[in-house]
Every structure is written in structure tokens, then in C-alpha cells.
Amino acid sequence: MTGRSGRGVFGKLFSKKQYVKDERVTEIGMPTNVKQHIHVSMNSETGMLEGLPSSWLRQLNAQISPSEQKENPNAAIQAVAFHNFHVLKKEQAENEPCKPIVTEEAITKEEQEMKKFLAKKNAHQSQDSDISIGQSSEEDVAPTDNFSQRQTMPAATTKNNLKKKDAMMDLTAIVEDLTLIGTEPEESPILRKKEMMNATLTDEEIYEELKRICNKDDPYMRFQRIKQLGAGASGVVFIAIDHKNNASVAIKDIDLTKQSKKDLILNEVNVLKGFNHKNLVNFLDAFLCSDHLWVAMELLDGGSLTDVVTEVVMKEGQIAAVCRETLQAIAFLHSKGTIHRDIKSDNVLLGMDGTVKVTDFGFCANIVGDEKRQTMVGTPYWMAPEVVTRKQYGKKVDVWSLGIMAIEMIEGEPPYMKESPLRALYLIAAVGRPKIPRWDKLSPEFQDFLDKCLQVDADERATADELLAHPFLKCAMELRTLTPLIKAAQKILHKNLD
Ligand SMILES: Nc1ncnc2c1ncn2[C@@H]1O[C@H](COP(=O)(O)OP(=O)(O)OP(=O)(O)O)[C@@H](O)[C@H]1O
């Protein structure tokens with residue numbers, strides 16, 4: 001629960017004695033570690049889950065069999081929760097096509113959106129049945145400091161659950177964590193920490209800051225627009241000639257009037273300016289003209305790795321070369337305290353000479369040291385199990401996704417691609433390490449490399465740096481051997497960036 005409702009709950013849950021922590025300040029932070037817990041029962045006759053909103057149950061029962069629900073109830077619940085949130089986010093994205101980018105704030109916002117969404121679902125339930133989502137048991141949630149309080153709201157009895165198992169699966173329960181820095185509530189007003197901080201910038205301030213950091217050249221004078229490459233959630237990408245350097249570049253044109261999260265765009269520009277690596281699609285410059293932000297980046301003329309994996313068969317040596325280059329980008333991002341969180345073939349762009357570069361930093365999260373995040377982002381098929389099951393996760397999610405991308409290079413698509421996203425999420429959570437049909441055809445080195453990427457337990461999974469030293473990468477062929485593959489794919493897809 002967040003925002004106003006958090007305060008309402010606060011009023012109910014805390015005794016006067018619990019406020020008295022500090023005589024000087026009266027300030028109550030926003031709920032910080034709100035977890036909604038699932039209180040779902042299983043019908044022992046049908047083996048099906050009960051207690052979820054009826055629309056969720058319809059989806060679940062249509063795509064996940066009773067025996068699968070019975071075998072892995074938590075995976076089923078996590079999958080349907082993620083799926084619903086994901087669909088909702090997609091609908092939202094159509095209205096406000098800006099992805100959250102790079103910031104702590106973005107992560108927090110996303111987390112809050114999910115909670116709000118789930119709370120809304122919860123509200124739609126009858127008062128007697130209690131739905132909530134989270135992955136941990138109450139014991140998992142430790143108070144963060146002396147001033148933290150947890151409170152478990154009693155889960156109401158679910159109706160129509162007479163046939164439920166003896167021990168109801170109390171998968172979770174609603175937990176509120178409120179940070180208190182307070183004294184007697186009656187004596188002074190209770191202020192919300194967030195409101196006091198007034199952290200968000202106004203549109204005016206954002207435009208001012210963009211103006212300050214953007215190149216002052218008139219982009220219409222400097223660039224000649226050649227042709228459109230495609231359109232993404234945040235804008236249109238086109239090829240242009242940069243008259244200043246007489247070079248071809250890719251430009252993302254973002255219409256700021258259509259972006260409600262302008263502060264995140266500002267942040268993305270700021271962050272990208274700071275990154276430069278041979279395996280990243282590097283940012284060149286940004287220009288502000290009226291309400292349009294033009295972000296100029298390196299042009300990769302070979303299209304995406306997806307085009308190659310879907311159209312041609314790659315040799316192990318070529319796969320090793322792409323893995324090495326991608327790992328170099330991941331290791332660089334990790335060294336900067338950043339997780340990419342959306343590694344997949346679509347986000348690996350190729351140059352005609354075989355250059356391999358990672359792009360799309362829209363899902364990047366900044367982390368400090370080994371700090372773990374707990375928000376679900378990315379694309380379902382490439383997601384690490386700990387992301388789907390909403391466990392704390394860290395840099396290793398990129399290593400899992402790299403393993404899935406290696407499977408794309410072997411099989412032409414990621415595991416479960418023929419399944420619906422909801423079923424894929426269930427399978428990731430329930431099955432863990434996916435089966436690779438061509439496994440027996442792979443060299444022992446490649447098998448070991450995949451084993452190290454696709455460990456379900458993130459602690460057992462290799463780091464990007466460790467994988468860079470893996471023997472499999474020794475068989476990497478020269479990058480220029482990728483050129484015929486790119487040409488063949490482009491021929492089939494009639495894509496030509498010239
Ligand atoms: N630097 C680049 N060089 C060549 N092609 C690019 C470059 N950047 C993006 N593209 C291509 O332009 C198209 C649109 O890219 P964009 O990143 O906007 O889309 P997306 O990844 O589908 O969406 P999103 O906005 O959600 O990231 C894609 O086909 C992408 O491969």
C-alpha cells in the first residue's frame with residue numbers, strides 16, 4: 001500500500017508508544033517496504049487455486065493446468081501477477097510512451113505502480129477474500145532499523161474454500177513497513193517525508209536542464225534526415241547524415257509533449273553521456289528543438305542480432321564471438337554499478353563489419369555495490385527466475401539473459417517463445433533452467449558456459465567477469481565472420497540501411 005492509504009493504515013496500526021522515538025522531530029516516512037502477501041487457497045479436489053480475482057483465475061485456468069497449479073502454486077501466482085501488471089504497463093505505455101530509465105526513482109515508481117495495481121485488484125475482491133501478491137513469508141521481511149515497524153494485517157477467510165487444503169497456503173500476508181522518525185503524534189503535525197523532499201522537477205525545470213546540457217546547434221541545419229529505421233516506445237529512430245562530421249548517425253526523435261516522465265528522459269541523457277564503451281551503442285549528442293529531443297547515437301548498419309538468429313544458423317565460434325562482445329558490455333555496465341535488465345537479441349545491434357553493441361538502456365537500474373533490486377522489468381522470455389518470482393535480484397540477471405540469448409543463437413528463439421507470456425512466466429518460475437533441444441550437439445565448453453549462465457540460484461551463477469575468462473570464448477571466430485550472416489539475414493528480410 002502506498003501514499004494516502006499508508007497514512008490511514010498508520011493511524012490504525014501504531015500505538016502512541018511506538019511513535020516516541022525522538023523528541024525533536026516529528027516526521028513519518030512513506031511506507032518503504034510494503035509487501036502484499038498472497039492468501040490463496042487450493043481446492044484439493046480440482047487442484048486449482050482459489051482466492052484470486054476472477055479475471056486472473058480465468059487466465060490462469062486457461063493456460064496453466066490444474067496439475068501444474070498444484071505442483072507449483074507459487075510460480076502460477078507470480079506468473080499471473082506479473083502478467084497482469086505487464087499488460088497494464090503496456091496499456092499505459094501506449095498513452096505515455098516513455099520507459100522508466102536508469103534511476104532509483106524510476107525503480108521505486110515502478111514498484112509503487114505495481115503495488116497500486118495489485119491493491120486495486122485487491123479492492124475489487126469481496127471483503128472476505130484477501131488477495132495480495134509478494135514472494136516472501138513474513139519472516140523474510142526484517143525491519144530495516146529501530147524505527148521501522150512491521151504489521152501484518154490479518155488475512156480474512158476466503159469464501160468458497162471449504163475444500164481447501166488443511167494448511168491453507170498462506171503464501172504471504174500484507175505487511176507494512178513504515179519508517180518512523182517521530183515523537184508524539186498529537187503534539188505536532190505528521191509530515192510525509194516525500195512531500196517534504198519535493199524531489200520532482202517541474203516540466204519547466206526539466207526543459208531548463210535539458211537546454212543546459214544539450215548541444216546548442218540547430219539539428220535541422222546540422223543533420224539531414226535519410227530514412228526511418230523504426231519506432232519504439234519512446235520515439236522514432238532515423239538515419240541521418242551529420243554534416244559537421246560527414247558521418248551517418250542514428251537519431252532518436254522524442255516528442256516531449258507525449259512524455260509524462262520527462263525527468264526520466266533527462267536522467268537517461270545524463271547517464272548515457274557518462275558511458276562510453278566499444279560494445280555499447282554510444283551516445284553522441286542531444287539536441288533540443290522546441291518540444292523535440294533528438295538523441296544522436298552511433299549508427300549500427302547491420303540491424304539487430306534478432307534478424308540474424310531468426311534467419312540463419314550460427315556456428316559455435318560465431319556465437320562465442322557475440323557472447324564475448326556482449327559480455328564486455330555487460331561487465332562494463334556492471335563495473336559502473338548498472339544492471340541492463342533487458343539483454344536480448346533485439347537489444348544487440350550489429351555493424352556490417354561484425355561489430356557487436358548493446359543498446360536500449362531504458363530498463364537500466366543503478367545499484368550500489370551488491371545492493372539488490374526487487375522490481376520486475378525486462379521481457380518475459382529472457383527473465384531470470386529470481387525476477388519472475390520477485391526475489392531480490394542483482395547484476396546476475398543480465399548473465400541469465402545472456403544465457404537465454406545464447407539459446408536464441410542456437411535455436412533461433414528463446415525458450416517458451418511459442419507459449420503465451422503468462423505461461424512462459426509460469427514455466428520460468430516452475431521449471432527453472434530451460435531445456436535446450438540441441439544440447440547434445442553442443443561442445444562440452446559451450447555446455448559448461450551455458451550451465452554457468454543458467455544457474456537458477458543466482459549465487460551459483462557466474463559473474464560477467466568470470467564468464468569473460470571462460471574457455472568457451474577461446475573458440476570465438478573473428479567478428480568479420482558475422483558479415484555473411486548479416487548480409488544473408490538482410491537479404492531475406494529485405495533490410496538494407498544504405
Ligand atoms: N543506433 C542504432 N543504429 C541502428 N538501428 C537502430 C539504432 N537504434 C535503434 N535502432 C533501430 O531502430 C528501431 C527502433 O529503435 P528503438 O530503440 O526506438 O525501439 P525499441 O527498442 O523497439 O523500443 P524502445 O523505445 O522500447 O526501446 C529498432 O528497429 C532498432 O533496431
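First listed ligand is number 1; within each ligand, the first listed atom is number 1. These values consider heavy atoms only, across backbone and side chains, with no hydrogens, waters or symmetry-generated copies.
Checking Trp382 against Glu408 by side-chain atom types alone, a donor-acceptor pair falls below 3.5 Å. There is a side-chain donor-acceptor pair under 3.5 Å between Glu316 and Ser443. For the residue pair Thr355 / Asp353, a side-chain donor-acceptor distance below 3.5 Å is found, with atom types taken as modelled. Using modelled atom types and a 3.5 Å distance limit, the side chains of His277 and Asn282 yield no donor-acceptor pair. Residues Asp242 and Gln224 have side chains that never bring a donor and an acceptor to within less than 3.5 angstrom of each other. Under the 3.5 Å distance criterion, with hydrogens and angles disregarded, no donor-acceptor pair is assigned to the side chains of His340 and Asp398.
The shortest separation from a heavy atom of Leu300 to ligand 1 is under 4.0 Å, placing the residue in contact.
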Compile the donor-acceptor pairs under 3.5 Å between side chains in residues 472-485 and protein atoms, sequence neighbours left out, one pair per line.
residue : atom : partner : partner atom : Å
Glu478  : OE1  : Arg480  : NE           : 3.0
Glu478  : OE1  : Arg480  : NH2          : 3.4
Thr481  : OG1  : Glu478  : O            : 2.6
Thr483  : OG1  : Met352  : O            : 2.7
Thr483  : OG1  : Arg480  : O            : 3.1

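Of the polar atoms of Thr359, none of the N or O atoms is found under 3.5 Å from an N or O of ligand 1, judged by distance alone. Remark: ligand 1 and Asp346 share no N or O pair separated by less than 3.5 Å (distance only, no angle test).
Listed by atom number, the atoms of ligand 1 under 4.0 Å from Ala250 heavy atoms are 1 (N), 2 (C), 3 (N). Near Leu229, with a cut-off below 4.0 Å to any heavy atom, the atoms of ligand 1 are 4 (C), 5 (N), 6 (C), 12 (O). Counting atoms of ligand 1 from 1 in the listed order, those under 4.0 Å from a heavy atom of Asp360 are 21 (O), 27 (O). Taking every heavy atom of Val281 and a limit of under 4.0 angstrom, the matching atoms of ligand 1 come to 1 (N).
Of all the heavy atoms of Leu349, the ones lying under 4.0 Å from any atom of ligand 1 belong exclusively to the side chain. Here Ser304 has no heavy atoms under 4.0 Å from ligand 1, in either its backbone or its side chain. Counting heavy atoms closer than 4.0 Å to ligand 1, residue Glu298 contributes backbone atoms (N, CA, C, O) but none from C-beta onward.
Residues Glu460 and Gln455 approach most closely at O-CG, 3.7 Å, considering heavy atoms.
Looking at Val237, Val249, Ile239 and measuring to atom 9 (C) of ligand 1, the nearest heavy atom belongs to Val237.
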